[in-house]
Amino acid sequence: MQRLAMDLRMLSRELSLYLEHQVRVGFFGSGVGLSLILGFSVAYACYYLSSIAKKPQLVTGGESFSRFLQDHCPVVTETYYPTVWCWESRGQTLLRPFITSKPPVQYRNELIKTADGGQISLDWFDNDNSTCYMDASTRPTILLLPGLTGTSKESYILHMIHLSEELGYRHRHMFVKQVDMDHVMKAKSIREFDKRFTSVMFGYRTIDDYYTDASPSRRLTSVGIPVLCLNSVDDVFSPSHAIPIETAKQNPNVALVLTSYGGHIGFLEGIWPRQSTYMDRVFKQFVQAMVEHGHELS
């Protein structure tokens, strides 16, 4: 809240100085234009604070996990302030790769050939300069799995690695390639993509078998370790009606953090969301909470 207030004050000050200059040079004539713009700005700010900026919905199946998150991962209960000029889901989804920075990361690649002829490529960030965990054998390891079309160079992956470096950990990125990608990339729909790539890669007989087996509703009740899921209800690929809220409530190891806005892996915040996102903050706090305080959930 303090950061948003500071950003809004800075924006208001810069806007006022600009408008005063325009009035002096006669652009707004009698000053009516200034009044209109200031009135619109106030109205937009009121709408944003009352309808856009909201606390996420925290859904858990157990009181102990909920209390753990509130104590050690408070970001999941704080108001999420989407970027004031880009809070709509499609804007957040499309602009995130272009707006957010890409921290410099040096990987060590390890290529593993599997018995069935496939390949597993691991991009390691060893973090040998860690001052918190100088012994590599005791250094916590974070495994990051990007989306089907993602790589270890994605901005959100690089930000997670950068945050893990700050915590003294190390990231292991995994990507499996065992299909004809030329055929896959000719797919004209998500269903065709899943039929040619996803279902084949995981050995399903049909696309319907894959969709049935991959539904999280059938898996959530079996989760045996603490899992935190972040999803925006305006996600264009994972809409609110597909989120298994009631199923999540049945497992004390599962928690859902549902924001009103954020798009698909967007979660931009601040006036100019260059360095970090709401998702980055959730990741850092939750990972640190599990490494340092996870024993409280035993």
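By convention here, the first residue in the shown sequence is residue 1.
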Which pair of heavy atoms, one from [X] and one from [Y], lies closest together, and at what distance?
X    : Y    : value
A187 : R196 : N-NH1, 3.3 Å
E192 : K188 : OE1-N, 2.9 Å
P82  : A53  : CD-CA, 4.4 Å
N109 : L111 : OD1-N, 3.9 Å
N251 : N253 : OD1-N, 2.8 Å
T83  : P273 : OG1-CG, 3.5 Å

Straight-line distance of [X] [atom1] to [Y] [atom2], nearest 0.5 Å:
X    : Y    : atom1 : atom2 : value
L297 : I225 : CG    : CD1   : 11.5 Å
I207 : T212 : CD1   : OG1   : 10.0 Å
Y107 : S121 : OH    : OG    : 10.5 Å
I265 : S238 : CD1   : OG    : 10.5 Å
R139 : C132 : CZ    : SG    : 10.0 Å
L228 : L230 : CG    : CG    : 7.0 Å

* Under 3.5 Å, is there a donor-acceptor pair linking the side chains of Y210 and D194? ->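 Looking only at side-chain atoms, D194 and Y210 do not form any donor-acceptor pair under 3.5 Å.
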Checking the side chain of [X] only, and the main-chain atoms of [Y] only, is there a donor and an acceptor separated by less than 3.5 Å?
X    : Y    : result
D135 : S137 : yes
D280 : T277 : yes
S130 : N127 : no
R108 : D123 : no
S51  : Y48  : no

* Asked: By salt bridge (Lys or Arg N to Asp or Glu O under 4.0 Å), which residues pair with K195, not counting sequence neighbours?
  ->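 Applying salt bridge (Lys or Arg N to Asp or Glu O under 4.0 Å) to K195 gives none.
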Side chains of [X] and [Y]: does their closest heavy-atom pair fall under 4.5 Å?
X    : Y    : result
L144 : F283 : yes
I120 : T114 : yes
F202 : T198 : yes

Validation: residues 54-68 side-chain donor-acceptor distances under 3.5 Å, sequence neighbours left out:
| unit_1 | atom_1 | unit_2 | atom_2 | d |
| --- | --- | --- | --- | --- |
| T60 | OG1 | G62 | O | 3.4 |
| S66 | OG | Q70 | NE2 | 3.0 |

Honestly curious: do [X] and [Y] fall in one hydrophobic cluster under the side-chain, below-4.5 Å linking rule?
X    : Y    : value
Y211 : F197 : yes
V254 : V257 : no
V227 : M279 : no
V233 : Y261 : no
V75  : M290 : yes

Only pairs under 3.5 Å count here: list side-chain donor-acceptor contacts from residues 239-248, not counting sequence neighbours, and write none if there are none.
| unit_1 | atom_1 | unit_2 | atom_2 | d |
| --- | --- | --- | --- | --- |
| E246 | OE2 | K249 | NZ | 3.4 |

* With sequence neighbours excluded, what pairs up with D209 under the side-chain hydrogen bond (donor to acceptor under 3.5 Å, both in side chains) test? ->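 For D209 the side-chain hydrogen bond (donor to acceptor under 3.5 Å, both in side chains) partners, ignoring immediate neighbours, are T206.
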* From CA spacing to verdict: side chain to side chain contact (heavy atoms under 4.5 Å, CB included), L122, I112 -> CA-CA 8 Å; L122 305 179; I112 302 175; 3.8 Å; yes
* salt bridge (charged side-chain N to carboxylate O under 4.0 Å, His left out) pairs, two or more places apart, involving residues 40-51 -> none
Counting only pairs under 3.5 Å, give me each side-chain donor-acceptor contact of residues 87-94, with atom names and distances, residues two or more places apart or in other chains.
| unit_1 | atom_1 | unit_2 | atom_2 | d |
| --- | --- | --- | --- | --- |
| W87 | NE1 | Y44 | OH | 3.0 |
| E88 | OE1 | R90 | N | 2.9 |
| E88 | OE1 | G91 | N | 3.2 |
| E88 | OE2 | R90 | NE | 2.9 |
| E88 | OE2 | R90 | NH2 | 3.0 |
| S89 | OG | D234 | O | 3.4 |
| Q92 | OE1 | F267 | N | 2.9 |
| Q92 | OE1 | L268 | N | 2.7 |
| Q92 | NE2 | C86 | O | 2.8 |
| Q92 | NE2 | L268 | O | 3.3 |
| T93 | OG1 | S89 | O | 2.9 |
| T93 | OG1 | H264 | N | 2.8 |

* Before giving the answer on side chain to side chain contact (heavy atoms under 4.5 Å, CB included), spell out for D213 and R219 the whole-Å C-alpha distance, their side-chain angles and the decisive distance to 0.1 Å. => CA-CA 9 Å; D213 201 34; R219 306 289 183 180; 2.6 Å; yes
